[in-house]
Amino acid sequence: MGSKEHEVHDFIRDIINKDLKTNKYGGRVHTRFPPEPNGYLHIGHAKSICLNFGIAEDYKGECNLRFDDTNPSKEEKEYVRSIIEDVRWLGFDWEDRLFFASDYFDQMYEYAVQLTKKGKAYVDDLNAEEISRMRGTLTTPGEESPFRDRPIEENLDLLNRMKAGEFADGEKVLRARIDMTHPNMNMRDPVIYRILHASHHNTGDKWCIYPMYDWAHGLEDSIENITHSICTLEFENHRPLYDWFLDELGVYHPQQIEFARLNLTYTVMSKRKLLELVEGGHVKGWDDPRMPTISGMRRRGYSPSAIRTFCTRIGVAKVNSIVDFEFLEHCIRDDLNKTATRFMGVLRPLKVVIENYPEDQVEEMEAINNPEDPNAGKRKVPFSKVLYIEQDDFMEEPPKKFYRLAPDREVRFRYAYFVTCTEVIKENEEVVELRCTVDPATRGGAAPDNRKVKSTLHWVSAAHAMDAEVHLYDKLFTVQDPLGQKDTDFKELLNPDSIEVLTSCKVEPAVKNLKHFDRFQFERLGYFCVDPDTTEDNLVLNRTVGLRDTWAKIQKQQQMNK
RNA sequence: AGCCCCGUAGUGUAGGUGGUCAAUCAUUCGGGAUUCUGGAUCUCGUAACGGUGGUUCGAAUCCACCCGGGGCUACCA
């Protein structure tokens, strides 16, 4: 499929190619993925991970995994753990380059002293509210703090005492001394250090002052010798500050490049919003299969390779855009079609009795494990007198274009026989059982006389079937852009039918050999994954995505034409 | 309102230094072929350079203005 995927071309690689040509970084390419450990990773992060690690791979460079852990009040070890797990699961390797911003706190402090000595930073006694007020507005300039012209020695002393813990939270901050009238708000004497008497997941109680993002991030990149510091669009206005800090310090200076973050229809992509769903009990946790988190998608049955292809195929640009979730589904189908073992399972069973089949006979029918992969081999599926088929596969009064089973109609039972429905048994208008006959000459599923049949159905043998609980999923939200609705909280737009639990499913016996997280296909139904809640006597399956369903489309059209 | 970024088919994108663009690839949508999954595969088709001026023999590519979208006023990242 997708032609020359190896020749990825985008504006970031353009810049890198140019830098390589001019030898800007001595031919090096070194990127980093810098998550803050304050939540679980989602598919949007996967885009960034694939970009950063992918570029390093393409250019034979390196990519660091670095935790941007500068705010102890929001960050936790558990998030560090999950992020490491997710990046690794996606298939990326940072070798020995796992770093923490907090490992650089000493160095960052030294740089702050340096900046202060240069007269480019000062300790401000104003409180948060005063600083905010005096920063001015988008259209009006800010005012200078009365503490802005403190002597350097006094600043140095105060900074040292801030660090020593002599002051309470919020009592003082260290600010850069730039320009309170700058049209870019970020340049109006931004805060560099704030006092936070909080215990840090990594440094414990060693520090009570913590660096702000703008100050810390460029330094982290510089210390790690990053060449291209790739981040999202909202940091574009911060680049002048990124550059200013590094230039004032006179240290190694990477290039910050901004790209548009990923948006997907029918979901939300912000850690804060996802946290809200988790804490509000709207989903069952960060790894709920309906969540766009990496762990949720893993549990849903997405493969790392499908996520990776998705990320490269959506491309990278600077335009804000929103990708159809259908494209994600296409990528997972495309991947699983080639790799998933096929099985048969019935979600909503309808009993079928084969009248002309001996009571106690069992035949082992040979089935192909994956028609897309000859190496996947074959397996045996037991066939007997009493079977189950899908309720949807029978209609007493079939409309036009319904090719499946109906009274007096012959269809094929996959890998088994041609079957004709001879009698319909009902209880209060409801079809509860079918009586059918098989044509013994069609054993295996092929007709010696070459006669055709309009459809092939999946089935399971009642006596041999295993029970299973199957979870079917639908879109998490009812609208494409849940955050784009003014006056409506996104939680009110949750799809009440995003999960459907079916408990009386019947699946072929071979399924019992599967392990947690194994992915496979139920023929004609879709791709599924063994949920980790599965126990010895309770098989729980998640449907990752259905197969493309042409019949459903026809049905919809027929209903619309009525 | 000040500053910054962006504007190619329904969607996501490709289009170094202007011509070979009556514009790439993928998806979606519509048709056909094939098929023991109404799956997959193959094949055909519909569909786009925000607008207006300018520079030029020639502009999606350069310039100007306009229109439209997004971001920025956290001791968050």
Side-chain angles (χ1 to χ4, degrees), chain A residues 1-5 9-10 14 17-18 34-36 38 68 70-71 73-74 124 126-129 131-133 135-142 169-175 182-188 190-196 209-210 212-214 216-217 231-240 258 260 265 271-272 313-324 326-327 330-331 333-334 337-338 342 344 367-368 371-372 401-404 412-416 418 442 444-447 453-458 521-526 546-554:
Chain A
M1 296 221 33
S3 52
K4 7 181 188 174
E5 232 108 61
H9 199 258
D10 56 62
D14 276 349
N17 290 337
K18 212 165 286 168
E36 182 190 11
N38 67 343
D68 205 358
T70 56
N71 185 357
S73 61
K74 289 186 177 176
D124 198 342
L126 258 28
N127 62 38
E129 192 206 327
I131 288 180
S132 165
R133 201 179 51 237
R135 184 150 27 227
T137 70
L138 294 177
T139 48
T140 59
D169 286 5
E171 203 176 324
K172 287 182 171 28
V173 289
L174 181 72
R175 298 178 74 178
H182 200 106
N184 181 343
M185 299 290 290
N186 296 126
M187 300 298 274
R188 321 245 261 227
V191 172
I192 293 177
Y193 270 101
R194 78 283 214 186
I195 299 170
L196 228 48
I209 57 171
Y210 290 92
M212 299 290 292
Y213 170 86
D214 285 310
H217 205 87
C231 62
T232 44
L233 249 32
E234 66 269 29
F235 293 105
E236 215 154 19
N237 290 331
H238 295 244
R239 179 154 31 92
E258 310 86 10
T265 54
K271 278 195 264 186
R272 232 196 107 248
R313 289 173 58 167
I314 53 173
V316 204
K318 297 194 74 158
V319 251
N320 288 299
S321 58
I322 177 160
V323 175
D324 287 336
E326 287 92 343
F327 188 62
H330 164 78
C331 290
R333 283 193 188 107
D334 196 39
N337 174 49
K338 294 172 205 140
R342 271 63 168 173
M344 290 196 285
I368 295 167
E372 303 293 318
K401 289 192 177 171
F402 181 86
Y403 302 147
R404 283 111 97 140
R412 172 172 31 236
F413 276 23
R414 180 140 233 223
Y415 300 125
F418 280 20
T442 59
V453 94
K454 292 280 262 189
S455 74
T456 300
L457 307 187
H458 60 275
Q521 182 193 99
F522 271 142
E523 297 220 16
R524 307 212 300 136
L525 296 177
L547 256 29
R548 263 190 70 206
D549 194 345
T550 315
W551 166 239
K553 221 175 279 173
I554 294 169

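In this text, all values refer to a predicted model and were calculated from it rather than measured experimentally. Chain A is the first sequence line, chain B the second, and so forth, proteins listed ahead of strands; every chain is numbered from 1.
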*Would you kindly compare Y193(A) and A260(A) by the position of their nearest RNA chain B nucleotide and give the one closer to the 5′ end?*
A260(A)
*Got a sec, which residues hit ring pair (Phe, Tyr, Trp, His ring centres under 6.0 Å) with Y415(A), two or more places apart in sequence or on another chain?*
none
*Looking across every strand, which nucleic acid part, if any, lies under 4.0 Å from P371(A) by heavy atom: base, sugar-phosphate, or nothing?*
base
*Taking only residues two or more places apart in sequence, or in another chain, which ones meet F235(A) in a ring pair (Phe, Tyr, Trp, His ring centres under 6.0 Å)?*
Y213(A), H238(A)
*For the base of U37(B), is there a side-chain donor-acceptor partner from R342(A) under 3.5 Å away?*
yes
Give me, pair by pair, the N or O atoms of the protein and of nucleotides 29-32 of chain B that are less than 3.5 Å apart, along with how far apart they are.
from, atom 1, to, atom 2, distance (Å)
C29(B), OP1, K553(A), NZ, 3.3
G30(B), OP1, Q557(A), NE2, 3.4

*Out of C3(B), A77(B), A1(B), which has the shortest distance to the side chain of H238(A)?*
A77(B)
*Centroid distance under 5.5 Å and plane angle under 30°, F327(A) vs G12(B)*: no
*For nucleotides C49(B) and U41(B), find the distance between their C1' atoms and express it as a whole number of Å.*
34 Å
*Whole Å only: how far is the CG atom of L138(A) from the C1' atom of G70(B)?*
14 Å
*asked:* Is there a side-chain contact between R194(A) and the phosphate of A77(B), meaning an N or O under 4.0 Å from OP1 or OP2?
replied: yes
*Base, sugar-phosphate, or nothing for F235(A), non-hydrogen atoms under 4.0 angstrom?*
base
*Under-4.0 Å salt bridge between D334(A) and K338(A)*: yes
*Separation between the P atoms of A1(B) and G7(B), rounded to whole Å*: 23 Å
*Please state the C1' separation for the pair C62(B) and U56(B) - nearest whole angstrom.*
10 Å
*Do Y213(A) and the base of A77(B) stack face to face, with centres under 5.5 Å apart and an angle between planes under 30°?*
no
_Using the salt bridge (Lys or Arg N to Asp or Glu O under 4.0 Å) criterion, which residues pair with E36(A)? Sequence neighbours excluded._
none
*When all nucleic acid strands are considered with a 4.0 Å heavy-atom cut-off, which category describes T140(A): base, sugar-phosphate, or nothing?*
nothing
*Gap in Å between the two C1' atoms, one belonging to A48(B) and one to U28(B), rounded*: 15 Å
_Base of G38(B), side chain of R404(A) - is there a donor-acceptor contact under 3.5 Å?_
yes
_Using atom C1' in both nucleotides, what's the gap between U20(B) and A33(B) to the nearest angstrom?_
35 Å
*Between R342(A) and I368(A), what is the shortest heavy-atom contact and its length?*
CB-O, 4.3 Å
*asked:* Give the dot-bracket line for RNA chain B from 5' end to 3' end: parentheses for intra-strand Watson-Crick or G-U pairs under 3.5 Å, square brackets for crossings, | for inter-strand pairing, dots for unpaired.
replied: .((((((..(((......[.....))).(((((.......)))))....(((((..]....))))))))))).....
*Between P183(A) and E523(A), name the one whose nearest nucleotide on RNA chain B is closer to the 5' end.*
P183(A)
*Side chain of R135(A): nearest nucleotide among A40(B), U37(B), A74(B)?*
A74(B)
*When you check every protein heavy atom under 4.0 Å of nucleotides 6-11 of chain B, what one-letter string (B, S, -) results, 5' to 3'?*
SS--BS
*Return yes if the base of G39(B) and the side-chain atoms of E372(A) contain a donor-acceptor N/O pair under 3.5 Å, otherwise no.*
yes
